[in-house]
Amino acid sequence: MKGIRVWLSAAVLSIACPTLSLSAGQDRRQRVAREREVRQQRFSARIDSLVSSGEFQFLPVSMMWSPRMQSQIIDGYYYYVGIFKEQLQVHMPVVVGRALTYNAIANFDTDSLSGYRNEKNDTGWKVSFSAEDETGTTYAFVFTIYRVTGRAVLDMISDSNLIQYTGTIVANDAMPRS
């Protein structure tokens with residue numbers, strides 16, 4: 001009997017005062033929206049911190065190359081460009097050849113970066129520099145990193161290649177050790 005009275009009281013209250021139930025729903029939606037906004041702010045701050053430190057790794061997901069802008073998904077987590085305070089590590093798939101193309105790996109470490117620039121803009125960051133591998137090939141690296149989505153685009157340019165990679169950046173210690 002007591003349960004029926006409570007249920008009836010709640011039913012009468014919801015009919016008599018519909019704003020009570022709407023108010024509770026609105027409060028919950030506002031709280032959830034605030035939580036999402038705080039998470040987004042933390043995410044953007046993390047991106048800012050990684051890029052401004054000058055120490056991060058780029059992990060590609062796809063690549064496109066010239067001259068016909070062909071594309072390919074990259075499904076190996078072991079490809080990366082690692083930027084460290086005193087060193088650059090590159091282990092990335094590249095495309096060799098013009099008429100008949102095939103994949104190869106740009107795999108080099110260097111401690112001489114030239115022209116390093118790190119600029120914040122309205123949408124995120126632009127990081128650019130050049131480096132030379134052990135054969136003397138010069139590569140230009142241009143990263144465009146978006147604060148809101150975390151998307152990162154790397155244009156890696158050499159005399160024989162223009163390849164655009166899309167992926168994300170992570171902290172240097174987040175890479176699996178092999």
Side-chain angles (χ1 to χ4, degrees), residues 39-178:
R39 278 195 307 267
Q40 181 62 50
Q41 289 170 349
R42 273 189 256 153
F43 179 80
S44 295
R46 183 180 150 275
I47 296 290
D48 288 346
S49 176
L50 280 173
V51 176
S52 64
S53 75
E55 287 207 7
F56 60 88
Q57 291 185 34
F58 171 78
L59 305 176
V61 174
S62 66
M63 61 190 273
M64 288 187 356
W65 62 92
S66 288
R68 295 181 304 237
M69 293 311 280
Q70 296 169 300
S71 65
Q72 180 175 338
I73 299 296
I74 301 171
D75 48 356
Y77 69 87
Y78 44 85
Y79 297 116
Y80 66 97
V81 172
I83 302 170
F84 301 87
K85 284 198 187 301
E86 299 172 10
Q87 187 180 31
L88 173 70
Q89 295 179 0
V90 177
H91 186 72
M92 295 287 279
V94 294
V95 176
V96 178
R98 297 256 184 236
L100 296 172
T101 60
Y102 65 94
N103 284 356
I105 304 296
N107 187 19
F108 65 93
D109 294 355
T110 184
D111 57 358
S112 61
L113 303 180
S114 57
Y116 187 90
R117 292 181 58 170
N118 189 348
E119 300 171 4
K120 189 173 182 180
N121 57 36
D122 292 342
T123 60
W125 293 85
K126 278 264 198 235
V127 177
S128 60
F129 56 88
S130 61
E132 203 173 278
D133 69 8
E134 62 277 350
T135 66
T137 303
T138 301
Y139 292 88
F141 296 84
V142 180
F143 292 90
T144 304
I145 302 162
Y146 298 91
R147 296 178 73 235
V148 173
T149 62
R151 178 177 182 236
V153 177
L154 165 61
D155 294 319
M156 195 166 90
I157 306 158
S158 70
D159 289 340
S160 59
N161 273 317
L162 166 57
I163 302 177
Q164 185 175 74
Y165 303 90
T166 301
T168 189
I169 62 171
V170 297
N172 283 335
D173 59 359
M175 283 294 292
R177 301 286 182 219
S178 55

Please set out all donor-acceptor pairs under 3.5 angstrom arising from side-chain atoms of residues 136-146, sequence neighbours excluded.
{"unit_1": "Thr137", "atom_1": "OG1", "unit_2": "Thr135", "atom_2": "OG1", "d": "3.1"}
{"unit_1": "Thr144", "atom_1": "OG1", "unit_2": "Lys126", "atom_2": "NZ", "d": "2.8"}

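- Between Ile74 and Pro60, the shortest heavy-atom distance links the atoms CD1-CB, 3.8 Å.
- Closest approach of Ala131 to Thr110, counting heavy atoms only: CB-CG2, 3.9 Å.
- Closest of all the heavy-atom pairs between Ala106 and Met156 is CB-CE, 4.2 Å.
- Side chain of Gln164 to main chain of Asp155: no donor-acceptor pair is present (N/O by atom type, distance under 3.5 Å, no hydrogens or angles).
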Ile83 and Phe129: side chain to side chain contact (heavy atoms under 4.5 Å, CB included), yes or no, with the steps?
CA-CA 11 Å; Ile83 302 170; Phe129 56 88; 3.8 Å; yes

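- Arg147 is listed as a side-chain neighbour of Asp48, based on a closest heavy-atom distance under 4.5 Å.
- Partners of Ser52 according to the side chain to side chain donor-acceptor pair (under 3.5 Å) rule, which considers only residues two or more places apart in sequence or in another chain, do not exist here.
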Could you pull out every donor-acceptor pair under 3.5 Å between side chains of residues 87-94 and any protein atom, sequence neighbours left out?
{"unit_1": "Gln89", "atom_1": "OE1", "unit_2": "Tyr80", "atom_2": "OH", "d": "3.2"}
{"unit_1": "His91", "atom_1": "ND1", "unit_2": "Asn107", "atom_2": "OD1", "d": "3.2"}

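- Between Val170 and Arg46, the shortest heavy-atom contact is CA-NH2, 4.2 Å.
- The two atoms that bring Leu50 and Phe56 nearest to each other are O-CD2, 3.7 Å, heavy atoms only.
- Listed by chain and residue number, nothing satisfies the salt bridge (Lys or Arg N to Asp or Glu O under 4.0 Å) test with Asp133 (two or more places apart in sequence, or in another chain).
- Inter-residue side-chain proximity for Ile157 and Leu162 is flagged as met; some heavy-atom pair is nearer than 4.5 Å.
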Test side chain to side chain contact (heavy atoms under 4.5 Å, CB included) on Gln72 and Val95 and set out the steps.
CA-CA 10 Å; Gln72 180 175 338; Val95 176; 5.6 Å; no

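- Between Ser71 and Met64 the shortest heavy-atom distance is CB-CG, 3.5 Å.
- Applying the side-chain contact (heavy atoms from CB on, under 4.5 Å) criterion to Asn118, with sequence neighbours excluded, gives Val51, Tyr116, Trp125, Val127.
- With values rounded to the nearest 0.5 angstrom, Ile73 atom CD1 is found 9.0 Å from Thr166 atom OG1.
- In terms of modelled atom types and a separation under 3.5 Å, the side chain of Ser44 and the main chain of Gln40 share a donor-acceptor contact.
- Considering only residues two or more places apart in sequence or on other chains, Ser62 meets the side chain to side chain donor-acceptor pair (under 3.5 Å) condition with none of them.
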Kindly indicate, with the supporting measurements, whether the criterion side chain to side chain contact (heavy atoms under 4.5 Å, CB included) is fulfilled by Phe84 and Asn172.
CA-CA 8 Å; Phe84 301 87; Asn172 283 335; 3.3 Å; yes

